[in-house]
> 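The following block contains the structure, expressed as structure tokens.
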Amino acid sequence: MGMNRNMDGILIVDKPEGITSLDVAREMKRRFGVKKAGHIGTLDPFATGVLPIVINEGRSWFHFWKRGLKSMK
């Protein structure tokens, strides 16, 4: 896959057992050649499941969305 530093948004990853959420975010940065990536929530290394990864400007979008949820309560 080619490098795409202009990619923004959210990736939904099926995290396998044996790696941390931070390891997944680092791998997405490496694999897609993006500058910034982070995970929403944390899964223990022994846990498997859905792990959202925010890429570049998707990180800013998530903070905006999170504030909206808090104001709806």
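One is the number of the first residue; the rest follow in order along the sequence.
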> Provide the closest heavy-atom pair for Ala37 versus Ala25 in the form atom of the first, atom of the second, distance.
CB-O, 3.9 Å
> With sequence neighbours excluded, what pairs up with Thr20 under the side chain to side chain donor-acceptor pair (under 3.5 Å) test?
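So Thr20 forms a side chain to side chain donor-acceptor pair (under 3.5 Å) with Asp23.
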> About how many Å separate CE of Met7 and CE of Met28, when rounded to the nearest 0.5 Å?
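That separation rounds to 10.0 Å.
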> Given the rule that I, L, V, M, F, W and Y join up when any side-chain heavy atoms are under 4.5 Å apart, are Leu51 and Phe46 in one cluster?
no
> Locate the shortest heavy-atom distance separating Leu43 from Thr48; write the atom from each residue and the value.
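Looking at all heavy atoms of both residues, the closest pair is CD1-C, 4.3 Å.
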> In sequence, state the C-alpha distance, the side-chain angles, and the governing distance for Asp8 and Ile55, and then conclude on side chain to side chain contact (heavy atoms under 4.5 Å, CB included).
CA-CA 5 Å; Asp8 297 311; Ile55 302 290; 5.6 Å; no
> If we only count heavy atoms from C-beta on, is the Asn56 to Lys35 side-chain gap below 4.5 Å?
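Yes, close enough: below the 4.5 Å cut-off.
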> Give the table of side-chain donor-acceptor pairs shorter than 3.5 Å for residues 10-18, with sequence neighbours excluded, one pair per line with atom names and distance.
| from | atom 1 | to | atom 2 | distance (Å) |
| --- | --- | --- | --- | --- |
| Lys15 | NZ | Ile19 | O | 2.8 |
| Lys15 | NZ | Asp44 | O | 3.3 |
| Lys15 | NZ | Pro45 | O | 3.4 |
| Lys15 | NZ | Ala47 | O | 2.7 |

